[in-house]
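Note that the structure is predicted; figures quoted are calculated from it, not measured. Only heavy atoms go into these numbers, but all of them, side chains included; no hydrogens, no water, no symmetry mates. Labels below follow one simple rule: chain letters A, B, ... track the order of the sequence lines, proteins then strands, and each chain is numbered from 1.
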Amino acid sequence: MTLAGKRKSKKSSPPVSGRENKTLPQAGDLLAWYDRHRRALPWRAAPGQRSDPYRVWLSEIMLQQTTVKAVAPYYARFLSRWPDVRALAAAPLAEVLKTWAGLGYYARARNLHACARAVVEHHGGEFPRNEDALRGLPGIGAYTAAAVAAIAFDIRATPVDGNVERVIARLYAVETPPPAAKPEIYRLARALTPSRRAGDFAQALMDLGATLCTPKRPACALCPWRDRCAAYRRGDAETFPRRPPKREGVLRRGAAFVARRSDGSVLVRTRPAKGLLGGMTEVPTTEWAAEFDEANALVHAPRFSPPLPGGERSTSRDTIAGSRVRGKRRQNSGLPVPPHPDPLPNGERETCWRRIPGIVRHVFTHFPLELKVYAADLPLRTRAPTGMRWVASADIAHEALPSLMRKVLAHAQTSDRIDKA
DNA sequence: CAAGCGTGGGT
DNA sequence: TACCCAAGCTT
C-alpha cells in the first residue's frame, strides 16, 4: 500500500545489502504493518501526537488482565472525572473504588490511587521518565513500567505481556514453556526493539498478538513476519507458546452425601470463605484425600436428630449432638483421616444411606477428584445439623453451586430416575 | 515462586 | 456447557 513505505524508507534496515536478512524478523516490517493497521483506541494518541503519560498509565493499569472492551467505558469515566494525576490524587479513595466497581481486581484501584498520590507527593506531579523509578510505584510491575516508558516517553523499553510472549514464542519457536521462558522471551523481544519508535513497536507487537497472532487459529497469511516466523515455517504456529506440563496432582477420593427431605429440599452447607471453592455451596462430603477408606465413609455422613413430634424447636441435646459430629470435619486438604466419632448418643437417628452406582469425576487445577455419592431420604421435619441448611429444590439453581456439586446432584438425580424406571 | 485476585467474552 | 483466557501485580 501507499502509506506503508512512509516511515519505513527513512531508516529501514541499515547497510545490509538488501536481501541477506530475509529470514530474520525486523522491527521495520512490523512498524510498517502497524502504520497500516493501527487501531484507534481511546487512550492511544493520534499518529505523531505526543501521549499523555497519565492516560497511558491509567489505561495500562486498567488493561491488566482485562479486555479492551471492558476497559473502554471505565477509562472514559475516569478520564472525565479525573482528567489528570493531581485530580485523581485529590479524590477520596472511596470514590475511586466506587468508580472502579465492576472492573475487577480491586487491588488495582487501591494501587492506582496510591500511585497517583505518590506521583504528586514524591515526583512533583510528573510520572518519572525511566523504567526503574516507574517500577517502584504502587501497582506498576515490569510490564507496566516498560509500557509507560515506551509509549509515553518513547524510551527504548520492551513491555512483555501475554500477546508479546505468544508472538515471540512463535517467531523463534521457543520450546521452553512459560513462565520459565520469560527471561528468554524478554531477551529476544528486547533485541528486536528499535531505538526509535519503541512505543509504536510495543503497541504493534501487542496489536499483532491481539488481532493476527491469536492463541487459536492465528491468521498467519496476513502476518508481516510470516516468512520470518520459525513456528510458521514448522507448520505448527498454534502450538506455541508451549503449555507448561499440567501438574495434575495426585488423585484424591472421597464421598458426597445427598440428603433429600420428603419436600424435595436438599441438605447443603457453605464452604469456608477462603481456599478451594471458597464461600461456595456444597453438599456434605468426607475429606478429599489420596487415601480414602470407603468402608468408613458413612462415619463422616451427616447425622440427624429425630424430628420433634411437636414442631421445629430444638433441644440442647440436639445442638450438642449436631455440633459434635460437625466438629469432626476438617478442611478438604488431604490431611490424614480424622478419628472416628464417638458412638451415637441417645436420640440420634440411624440414617439409611444408599450408594448411588457410578463415580463423579472432576478435575481441579491442582488435582483430579473422584467422589462416590450416597443418597438418603429423610422425613419432612428433619432438622439440618449444625452448620448445614435445607435448600428447597426450586432454590438450588440460585445457590452458588460449583460445577463439581452440580455434577454430584445431577448424578444422584439421574440415578433416581433410573431407579424409578 | 506458586497462589490469590474479578469479570466478561470467546469457543 | 465448561473451560480458556485477557495490555499483571503482589505476597
Next on the checklist: Which is more 5' along DNA chain B, the nucleotide nearest A:Ala107 or the one nearest A:Lys69? Just name the residue.
Outcome noted: A:Ala107

Item to check | Contact list for residues 140-158 of chain A, test side chain to side chain donor-acceptor pair (under 3.5 Å), sequence neighbours left out | outcome: A:Glu60-A:Tyr143, A:Gln64-A:Thr144, A:Thr158-A:Thr193

Next on the checklist: Can you check the distance between C:dA7 and B:dA2, where both ends of the measurement are the C1' atom (answer in whole Å)?
Outcome noted: 23 Å

Next on the checklist: Please give me the minimum heavy-atom distance between A:Arg39 and A:Arg44, naming the atom from each residue.
Outcome noted: O-NH1, 3.1 Å

Item to check | Crowding at CD, A:Glu126 (>12 non-hydrogen neighbours, <6.0 Å) | outcome: no

Checklist entry - Under 30°, 30 to 60°, or over 60°: which ring-plane class applies to A:Phe78 and A:Trp100, parallel, tilted or perpendicular? => result perpendicular

Next on the checklist: By the 4.0 Å heavy-atom rule, please label A:Ile61 as base, sugar-phosphate, or nothing.
Outcome noted: nothing

Item to check | side-chain contact (heavy atoms from CB on, under 4.5 Å) involving A:Leu212 - partner list, sequence neighbours excluded | outcome: A:Trp33, A:Leu208, A:Ala219, A:Leu222, A:Pro224

Item to check | Distance, P atom - from C:dA6 to B:dC1, rounded to whole angstrom | outcome: 22 Å

Next on the checklist: Taking the P atom in each of C:dT11 and B:dG6, what is the distance between them to the nearest angstrom?
Outcome noted: 14 Å

Checklist outcome for this item: For nucleotides 5-11 of chain C, 5' to 3', base contacts (B), sugar-phosphate-only contacts (S) and non-contacts (-) with protein non-hydrogen atoms under 4.0 Å give SBBBSS-

Checklist entry - With under 30° as parallel and over 60° as perpendicular, where do the rings of A:Trp43 and A:Tyr75 fit, or are they tilted in between? => result perpendicular

Checklist entry - Pick the nucleotide of DNA chain B nearest each of A:Arg110 and A:Pro179; which residue has the one closer to the 5' end? => result A:Pro179

